[in-house]
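One structure, as structure tokens, below. Some questions next.
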Amino acid sequence: MTSQQQPFERIFIPLDTPDLERALEIASSLKGLVGGVKIGKEFFTALGPEGVARVTELGMPLFADLKFHDIPNTVAGAVRSAVHLKPSILNIHAQGGRAMMIAACEAAAEEAAKIGVAVPLILGVTVLTSLDDQDLNDIGVSDNTLDHVKRLAALAQECGLDGVVCSAAEIEALRKICGAEFKLLTPGIRPSWAAAGDQKRIVTPGEAIKRGADYLVIGRPIYGADDPAEAARKIAAEIDEALG
Ligand code: C5P
């Protein structure tokens, strides 16, 4: 997944449901209007690889948001299995450390070559945006959140990851230290016309793109809209405008 010709290709829609029919309904109504679908632990634990296959049969790129974090050998095995889902994007926790991240990248490349599929982009989850400075302190991390995110992103890049998942507030700092090619994917996006829901630190799609985001995960503003297809088109237009 290297080309980003179309603004809409930057949008990934989360399918956070254990209900396959609902997931298929959301995905099929947005085919050609978003860059792909994001499958997370809720969908995957309920519906497994068979459920994922039903969605990818629609022909939409897959972001396997499984956030692996374990010893290197176990993560390498999980990544090898995940490559069979044929994701465009796969993520792991950067906090799993250097050896785990290197093992994940090697496993992805080897397994993709073995079964003849494209190597997914491997992204590192830095610090979950549900955690703040106090939470980090509680677990013995003395860096503040931004410094810890920067440290983990730099380490992820050193280990060969293609990019990281980050909050919109961190995009500019990471773009500076990781360069133009490193992929930055961010959730917490709300168009000016949508309700914030439970997202607190939100930015608009245009603002996130201007700050330097490559991919945006946008859920409720699209699938919760009266006309999801129209909402996706409006967001793509905003991205297009922000790209200049
Ligand atoms: O509906 P909404 O646009 O808030 O959906 C955002 C998606 O991104 C959900 O799948 C949510 O779990 C995920 N996410 C998030 N905030 C994070 C990390 C992931 O909202 N910090």
Side-chain angles (χ1 to χ4, degrees), residues 4 7-17 26 30 33-43 63-67 69 89-95 121 123-136 143-153 156 161-178 182-225 228 231-232 234-243:
Q4 281 184 358
F8 74 82
E9 288 180 308
R10 292 172 177 254
I11 306 169
F12 275 77
I13 182 109
L15 301 178
D16 293 326
T17 171
I26 295 169
L30 293 165
L33 300 172
V34 297
V37 293
K38 178 176 92 80
I39 297 289
K41 290 191 177 88
E42 182 177 4
F43 181 106
F63 168 17
D65 179 19
L66 298 173
K67 296 192 182 74
H69 186 176
I89 304 177
L90 175 65
N91 62 8
I92 60 178
H93 270 285
Q95 299 200 46
L121 289 179
L123 303 186
V125 175
T126 52
V127 175
L128 294 170
T129 50
S130 52
L131 303 178
D132 61 17
D133 292 353
Q134 182 59 51
D135 292 312
L136 291 189
D143 275 350
N144 66 33
T145 312
L146 181 60
D147 285 345
H148 200 50
V149 168
K150 282 158 71 177
R151 175 197 292 270
L152 290 169
L161 268 68
D162 300 289
V164 292
V165 180
C166 66
S167 89
E170 295 145 3
I171 297 170
E172 284 159 306
L174 295 186
R175 193 48 81 210
K176 270 190 208 132
I177 59 172
C178 297
F182 200 59
K183 303 295 180 204
L184 300 179
L185 177 148
T186 184
I189 304 296
R190 287 293 175 271
S192 52
W193 41 266
D198 56 3
Q199 296 282 14
K200 292 193 180 112
R201 281 165 294 156
I202 51 177
V203 302
T204 63
E207 181 60 26
I209 294 292
K210 279 188 204 142
R211 288 186 194 182
D214 293 291
Y215 300 108
L216 310 178
V217 171
I218 312 178
R220 288 161 288 180
I222 297 179
Y223 65 68
K234 268 164 73 177
I235 292 171
E238 188 178 325
I239 292 172
D240 195 23
E241 201 184 315
L243 288 168

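The first residue in the sequence is number 1, and the count goes up from there.
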For this session: Specify the closest pair of heavy atoms between Leu123 and Val164, including all atoms of both residues, with the distance to one decimal.
Result: CD2-N, 4.0 Å
For this session: Check whether any side-chain N or O of Glu207 sits under 3.5 Å from a backbone N or O of Thr204 as a donor-acceptor pair, and report yes or no.
Result: no
For this session: Quick one: pull up CG in Leu152 and NE2 in His93 and give me the separation to the nearest 0.5 Å.
Result: 11.0 Å
Exercise. Around atom CD of Glu42, are there more than 12 heavy atoms of other residues, nucleotides or ligands at under 6.0 Å?
Worked result: yes
Exercise. How close do Gln95 and His148 get, heavy atom to heavy atom, and via which atoms?
Worked result: OE1-NE2, 4.1 Å
For this session: Under the side-chain contact (heavy atoms from CB on, under 4.5 Å) rule, collect the residues that match up with Pro14, sequence neighbours excluded.
Result: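 Result, side-chain contact (heavy atoms from CB on, under 4.5 Å) vs Pro14: Asp16, Lys38, Val217, Tyr223.
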For this session: Would you mind reporting whether Ile209 and Leu216 have side-chain heavy atoms less than 4.5 Å apart?
Result: yes
Exercise. Around atom CZ of Arg220, are there more than 12 heavy atoms of other residues, nucleotides or ligands at under 6.0 Å?
Worked result: yes
For this session: Say whether, by atom type as modelled, one donor and one acceptor occur between the side chain of Thr126 and the main chain of Val165 under 3.5 angstrom.
Result: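 Yes; judged by distance alone, with no hydrogens or angles, the pair exists.
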For this session: Please state whether the rings of Phe12 and Tyr215 are parallel, tilted or perpendicular, taking 30° and 60° as the class boundaries.
Result: perpendicular
Problem set entry | Distance, nearest 0.5 Å, that separates OG of Ser167 from CG of Leu131 |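 Answer rounded to 0.5 Å: 11.5 Å.
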Under 3.5 Å, sequence neighbours excluded: what are the donor-acceptor pairs made by side chains of residues 187-196?
residue	atom	partner	partner atom	Å
Arg190	NE	Ala195	O	3.1
Arg190	NE	Ala196	O	3.2

Exercise. Can you name the side-chain contact (heavy atoms from CB on, under 4.5 Å) partners of Arg175, sequence neighbours left out?
Worked result: Phe182, Leu184, Asp214
Exercise. Stepwise, does the side-chain contact (heavy atoms from CB on, under 4.5 Å) test hold for Val125 with His69?
Worked result: CA-CA 10 Å; Val125 175; His69 186 176; over 6 Å; no
Exercise. Short question: side chain of Asn91, backbone of Leu66 - any donor-acceptor pair under 3.5 Å?
Worked result: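 Here the side-chain-to-backbone pair exists.
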Problem set entry | Spacing of Ile26 atom CD1 and Ile222 atom CD1 [to the nearest 0.5 Å] |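 CD1 of Ile222 is found 10.5 Å from CD1 of Ile26.
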For this session: Can you sort out the partners of Ile177 under side-chain contact (heavy atoms from CB on, under 4.5 Å), two or more places apart, ordered by chain and number?
Result: Lys150, Leu174
Exercise. Do you know the tightest heavy-atom contact between Leu30 and Ala232?
Worked result: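 Nearest pair, atom of Leu30 first, then Ala232: CD2-CB, 4.0 Å.
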For this session: For the residue pair Asp162 and Ile89, establish whether any side-chain heavy-atom pair is separated by less than 4.5 Å.
Result: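 The answer is no; the side chains never approach within 4.5 Å.
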Exercise. Looking at Gly212 and Ile171, what are the two nearest heavy atoms and their distance?
Worked result: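 Looking at all heavy atoms of both residues, the shortest contact is C-CG2, 3.5 Å.
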Problem set entry | Closest heavy-atom pair and its distance - Ile218, Ile13 |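 Heavy atoms of Ile218 and Ile13 come nearest at O-CD1, 3.6 Å.
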Problem set entry | Carboxylate-amine/guanidinium proximity below 4.0 Å for Glu172 and Lys176 |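 Answer for the salt bridge query: no.
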Problem set entry | With sequence neighbours excluded, residues passing salt bridge (Lys or Arg N to Asp or Glu O under 4.0 Å) with Asp133 | none
Exercise. Among all residues two or more places apart in sequence or in another chain, which pass the side-chain contact (heavy atoms from CB on, under 4.5 Å) test with Asp132?
Worked result: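 Asp132 satisfies side-chain contact (heavy atoms from CB on, under 4.5 Å) with Gln134, Asp135 once adjacent residues are dropped.
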Problem set entry | Minimum heavy-atom distance Val203-Ala208, with the two atoms named | CG2-CB, 3.8 Å
Exercise. Is Arg10 close to Leu243 at the side-chain level, that is, under 4.5 Å between some pair of heavy atoms?
Worked result: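 With C-beta onward as the side chain, the pair touches.
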